[in-house]
Protein chains: 10
Amino acid sequence: MEFLVDISTNFPEGMDPDVIAEIKGRERERGVELMTQGQLCRIWRHPGRRSSLSLYEVADANELHGILSGLPQFPWMDIQVTPLADHPLDVSARAGS
Amino acid sequence: MEFLVDISTNFPEGMDPDVIAEIKGRERERGVELMTQGQLCRIWRHPGRRSSLSLYEVADANELHGILSGLPQFPWMDIQVTPLADHPLDVSARAGS
Amino acid sequence: MEFLVDISTNFPEGMDPDVIAEIKGRERERGVELMTQGQLCRIWRHPGRRSSLSLYEVADANELHGILSGLPQFPWMDIQVTPLADHPLDVSARAGS
Amino acid sequence: MEFLVDISTNFPEGMDPDVIAEIKGRERERGVELMTQGQLCRIWRHPGRRSSLSLYEVADANELHGILSGLPQFPWMDIQVTPLADHPLDVSARAGS
Amino acid sequence: MEFLVDISTNFPEGMDPDVIAEIKGRERERGVELMTQGQLCRIWRHPGRRSSLSLYEVADANELHGILSGLPQFPWMDIQVTPLADHPLDVSARAGS
Amino acid sequence: MEFLVDISTNFPEGMDPDVIAEIKGRERERGVELMTQGQLCRIWRHPGRRSSLSLYEVADANELHGILSGLPQFPWMDIQVTPLADHPLDVSARAGS
Amino acid sequence: MEFLVDISTNFPEGMDPDVIAEIKGRERERGVELMTQGQLCRIWRHPGRRSSLSLYEVADANELHGILSGLPQFPWMDIQVTPLADHPLDVSARAGS
Amino acid sequence: MEFLVDISTNFPEGMDPDVIAEIKGRERERGVELMTQGQLCRIWRHPGRRSSLSLYEVADANELHGILSGLPQFPWMDIQVTPLADHPLDVSARAGS
Amino acid sequence: MEFLVDISTNFPEGMDPDVIAEIKGRERERGVELMTQGQLCRIWRHPGRRSSLSLYEVADANELHGILSGLPQFPWMDIQVTPLADHPLDVSARAGS
Amino acid sequence: MEFLVDISTNFPEGMDPDVIAEIKGRERERGVELMTQGQLCRIWRHPGRRSSLSLYEVADANELHGILSGLPQFPWMDIQVTPLADHPLDVSARAGS
């Protein structure tokens with residue numbers, strides 16, 4: 001099942017820049033891992049904002065929550081999840097390709 | 001450039017069902033065309049709603065407006081457009097594949 | 001997977017009361033069927049409102065959309081869907097019972 | 001009477017992790033107690049969020065406020081309460097089971 | 001249990017004024033009845049608006065829904081219900097009087 | 001003239017508990033005084049929230065502002081005021097009692 | 001007591017222009033009357049909108065509701081009322097003039 | 001003084017297409033006139049929407065209201081006006097050019 | 001040109017009371033000055049809130065921004081500005097007086 | 001492609017004024033540069049607010065994000081981006097000039 005996931009990340013004013021850099025590094029590595037494994041299908045930036053939009057393909061909301069709550073930046077994230085259902089146009093396009 | 005496009009469609013109460021069916025048929029055909037040409041990359045349904053979410057890849061907002069305003073159901077659509085910027089994770093994943 | 005589903009139903013002013021009564025009858029029958037089959041687990045009313053809150057247990061958003069879009073009153077419904085993930089407290093309570 | 005209760009919990013940045021762990025432990029114990037006693041009927045997680053959704057069955061808003069304001073995490077909770085009325089479909093399903 | 005009930009009433013443009021007058025008359029009679037019986041404790045107008053604010057004292061959300069959905073103007077009402085819990089100041093003031 | 005007053009109170013994280021207790025004590029005393037004098041007619045709690053709903057009867061918005069801005073907890077309160085007009089049903093009920 | 005009153009007026013599509021003109025004429029006359037009597041102190045237009053902002057000085061919410069609900073255009077108005085309290089700066093400026 | 005003006009235009013379902021075409025023609029002519037005279041400086045489309053964004057330079061809100069309320073499509077427009085103040089960067093750039 | 005200006009002022013928790021008192025004193029003096037000079041025509045309090053509503057008469061948005069951004073409390077203010085256009089009723093009333 | 005960009009800037013309470021002044025200086029320099037290069041076409045102030053509105057002309061959302069995220073004040077900015085499409089009126093006016 002696919003989910004659209006909108007994530008804003010805000011580190012608190014005054015947080016140690018080295019700690020932030022280390023967390024961002026781990027976040028990036030975990031992102032690569034999730035893309036390689038196929039749960040994270042696409043990810044975009046909202047221009048001008050400290051936030052991203054991702055497309056996840058997972059078994060269900062439990063797997064999704066497990067992944068999101070395990071992200072290194074999770075404690076500083078505000079996350080909005082939108083469940084997606086298949087659209088017949090998309091299904092046949094992907095079947096035909 | 002990619003755009004996320006959220007479309008709600010509401011035909012007015014009392015509209016002729018045959019006219020609606022004919023318009024829906026043309027909408028479907030145009031959708032297949034846009035997917036084949038590559039401007040419409042993905043499309044999903046919001047479960048339980050008369051609305052869809054689409055991912056478009058077009059030159060710019062002008063090409064997008066041209067496509068959307070030419071959809072057969074456009075007069076009955078309420079459309080929200082979100083511009084998307086590339087995310088480095090996604091760019092390298094797609095470059096590496 | 002469980003979903004919380006908030007449904008407002010508004011028949012247009014001037015719609016034939018007999019038609020409404022017939023649709024409501026079919027909606028009720030379909031509701032009984034969905035409860036018997038186990039997809040619709042619970043349903044409540046919002047006091048004072050023409051709307052309900054339901055708890056569905058289905059395979060995914062596709063099965064949910066199939067059920068909701070097939071409801072007799074679907075053309076007059078405004079539906080909000082909230083995806084739910086398991087909470088450990090609930091899981092152990094239900095496992096222990 | 002049943003109530004749907006949406007709870008977001010946010011500990012302030014910089015709060016002692018041991019204190020948080022101890023409070024979370026007491027929250028869990030109190031949750032088990034409330035489920036065993038039957039006031040807390042169901043509880044879910046909002047995927048990707050630090051918040052939960054609960055279904056309570058209590059005498060009235062006074063008993064509910066007593067329970068919620070006594071939760072160990074109450075000082076850091078933002079709570080939204082929705083009163084629920086019975087739906088005839090649900091009542092007969094539960095009577096028949 | 002007490003509830004605060006905010007009611008907006010909008011008759012559709014073009015509805016027969018005699019029918020409206022008759023419905024308003026029955027609404028008034030039912031209001032007097034509910035005040036005499038004690039379920040409707042107080043009622044105010046929002047200045048400048050076609051809406052009212054009422055204080056109900058009923059057993060629970062079921063009794064409240066029964067009363068509200070039986071109001072003669074119910075089909076044209078938009079209703080918001082707020083559940084209320086006792087405040088110790090109010091309880092002692094009323095106990096002492 | 002009557003006003004409905006919705007008050008949320010939030011003491012800042014880390015404020016001295018003894019200071020809070022002392023302020024709450026003075027707030028309670030002032031509340032009793034206002035109920036005895038008749039300006040504060042009713043007060044309720046929003047279940048699960050750190051907020052209250054009050055019904056005031058005062059000369060006008062000036063007397064109301066004087067009372068509210070003089071409450072011991074005023075510096076930590078967020079207040080919403082709703083002006084109320086008489087409803088004929090209520091006036092006759094109170095006249096007849 | 002002063003109130004700020006925001007009024008949007010929308011006549012339904014297809015309403016007879018002569019009827020509208022006649023109602024607008026009576027609204028204007030009533031406005032002149034209210035300004036002459038001093039209850040309506042000031043009135044402005046929101047540029048580009050079919051709405052106005054007025055400053056009323058009346059005894060209380062009852063007098064205000066009486067005036068507003070008696071306006072010729074009242075059935076087609078959506079009205080928002082804001083109660084105002086005196087500001088010391090304004091009071092002394094007006095006392096000194 | 002400059003104003004940003006956001007205009008949504010919605011003709012009612014069932015309005016005569018010839019009447020709409022004639023009104024649109026007059027709107028276009030008036031737009032050219034306003035651009036030539038310099039009050040309408042820029043105009044854009046919101047991609048996918050039946051709405052535009054304009055930049056006006058006029059003496060004040062009175063001149064702006066006069067222009068907007070005189071547009072042929074005004075009866076079917078919903079308009080939001082944002083007043084703009086000069087920014088020093090812009091002023092020097094325009095002075096230097 | 002007239003503007004309605006809604007100002008909320010919030011000093012941060014823990015700010016030195018003497019500094020606040022000194023700033024409030026300068027704010028008051030500046031307010032008297034602006035009323036005397038005629039730019040600030042009226043000012044009210046929102047009952048129960050730490051905010052005010054003002055009516056300004058200035059040349060344009062530039063003069064308004066200059067005045068507001070120069071207020072002693074500006075760094076702690078959240079300001080909403082509404083541009084106002086003349087209403088014919090008001091213009092003739094003021095012309096006739 | 002053009003974008004409308006709404007930027008609010010809020011430095012945290014207690015930040016060193018010299019650091020703020022230095023950052024503001026660099027922001028101004030970067031603004032001049034962007035105007036000279038033509039990416040930043042226009043910029044206005046929202047009267048009374050710590051925010052600005054800008055009109056950017058860039059290749060796409062990627063170039064825009066690169067520019068905005070590189071602004072010296074970016075860490076303290078909240079940014080809203082609106083994509084703009086050409087309007088035929090504007091295009092011919094600019095072609096003709």
Side-chain angles (χ1 to χ4, degrees), chain G residues 2-36 40-57 68 71-82 84 87 89-90, chain H residues 1-20 22-24 27 30-31 34 39-44 46 50-85:
Chain G
E2 290 175 289
F3 289 92
L4 192 73
V5 180
D6 202 315
I7 302 183
S8 296
T9 307
N10 282 292
F11 294 107
E13 192 62 35
M15 191 168 164
D16 180 341
D18 289 347
V19 173
I20 293 181
E22 186 269 341
I23 293 169
K24 283 187 170 173
R26 283 194 287 126
E27 184 76 22
R28 216 173 300 121
E29 278 171 42
R30 180 61 181 140
V32 170
E33 211 169 73
L34 288 166
M35 288 206 100
T36 310
L40 176 54
C41 311
R42 294 292 314 273
I43 178 165
W44 301 269
R45 273 188 177 144
H46 287 295
R49 301 188 63 79
R50 282 173 292 283
S51 60
S52 66
L53 198 68
S54 318
L55 178 68
Y56 276 89
E57 181 154 16
L68 296 175
L71 292 175
Q73 298 187 355
F74 181 72
W76 302 278
M77 284 172 160
D78 180 43
I79 301 180
Q80 302 289 341
V81 165
T82 303
L84 300 171
H87 190 288
L89 263 186
D90 190 87
Chain H
M1 182 180 158
E2 290 175 289
F3 290 91
L4 192 73
V5 180
D6 202 313
I7 302 184
S8 297
T9 307
N10 283 292
F11 293 107
E13 192 62 36
M15 190 169 165
D16 180 341
D18 289 347
V19 173
I20 293 181
E22 186 269 342
I23 293 169
K24 283 187 170 173
E27 183 76 22
R30 181 61 180 138
L34 289 167
Q39 288 118 323
L40 175 54
C41 309
R42 294 292 313 273
I43 177 165
W44 302 270
H46 288 294
R50 281 174 293 281
S51 60
S52 67
L53 198 68
S54 317
L55 178 67
Y56 276 88
E57 182 152 16
V58 291
D60 56 17
N62 289 333
E63 186 183 353
L64 183 68
H65 185 73
I67 289 172
L68 296 176
S69 62
L71 292 175
Q73 298 186 355
F74 181 72
W76 303 278
M77 284 173 160
D78 180 43
I79 301 181
Q80 302 288 341
V81 165
T82 303
L84 300 170

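A note on names: the letters A, B, ... follow the listed sequences, proteins ahead of strands, and every chain is numbered from 1.
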Point to revise | Option in H:M77, H:H65, H:Q80 with maximal non-hydrogen atom pairs under 4.5 Å from chain G | key: H:H65
Exercise for review: Tell me, with the steps shown, if H:L84 and H:L4 meet side-chain contact (heavy atoms from CB on, under 4.5 Å).
Suggested key: CA-CA 7 Å; H:L84 300 170; H:L4 192 73; 4.2 Å; yes
**Study point:** Approximate separation, where rounding is to 0.5 Å, of H:I67 CD1 and H:N62 CG
**Key:** 11.5 Å
Point to revise | Gap between atom CD of H:E27 and atom OG1 of H:T9 - 0.5 Å precision | key: 6.5 Å
Let me have the donor-acceptor pairs involving side chains of residues 28-36 of chain G, under 3.5 Å, with sequence neighbours excluded, atom names and distances please.
unit_1, atom_1, unit_2, atom_2, d
G:R30, NH1, G:E33, OE1, 2.6
G:T36, OG1, G:V32, O, 2.6

Revision key, fill the gap. Bottom line for H:I79: the part with an atom under 4.5 Å from chain G's heavy atoms is both
Revision key, fill the gap. If one checks every heavy atom of H:F3 against chain G at 4.5 Å, the contacting part turns out to be neither
Check your understanding: Listed by residue number, which members of residues 42-54 of chain G have a heavy atom under 4.5 Å from any heavy atom of chain H?
Key -> G:R45, G:H46, G:P47, G:G48, G:R49, G:R50
Practice item. Can you tell me which residue pairs pass the salt bridge (Lys or Arg N to Asp or Glu O under 4.0 Å) test with a partner in residues 55-73 of chain H, sequence neighbours excluded? Key: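 Applying salt bridge (Lys or Arg N to Asp or Glu O under 4.0 Å) to every pair that reaches into residues 55-73 of chain H, excluding sequence neighbours, yields nothing.
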Exercise for review: Would you list the pairs meeting salt bridge (Lys or Arg N to Asp or Glu O under 4.0 Å) in which at least one residue belongs to residues 65-74 of chain H, sequence neighbours left out?
Suggested key: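 Residue pairs with at least one partner in residues 65-74 of chain H: there are none.
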Exercise for review: Check H:S69 against H:G66 and note the closest heavy-atom contact, atom names and distance.
Suggested key: OG-O, 3.5 Å
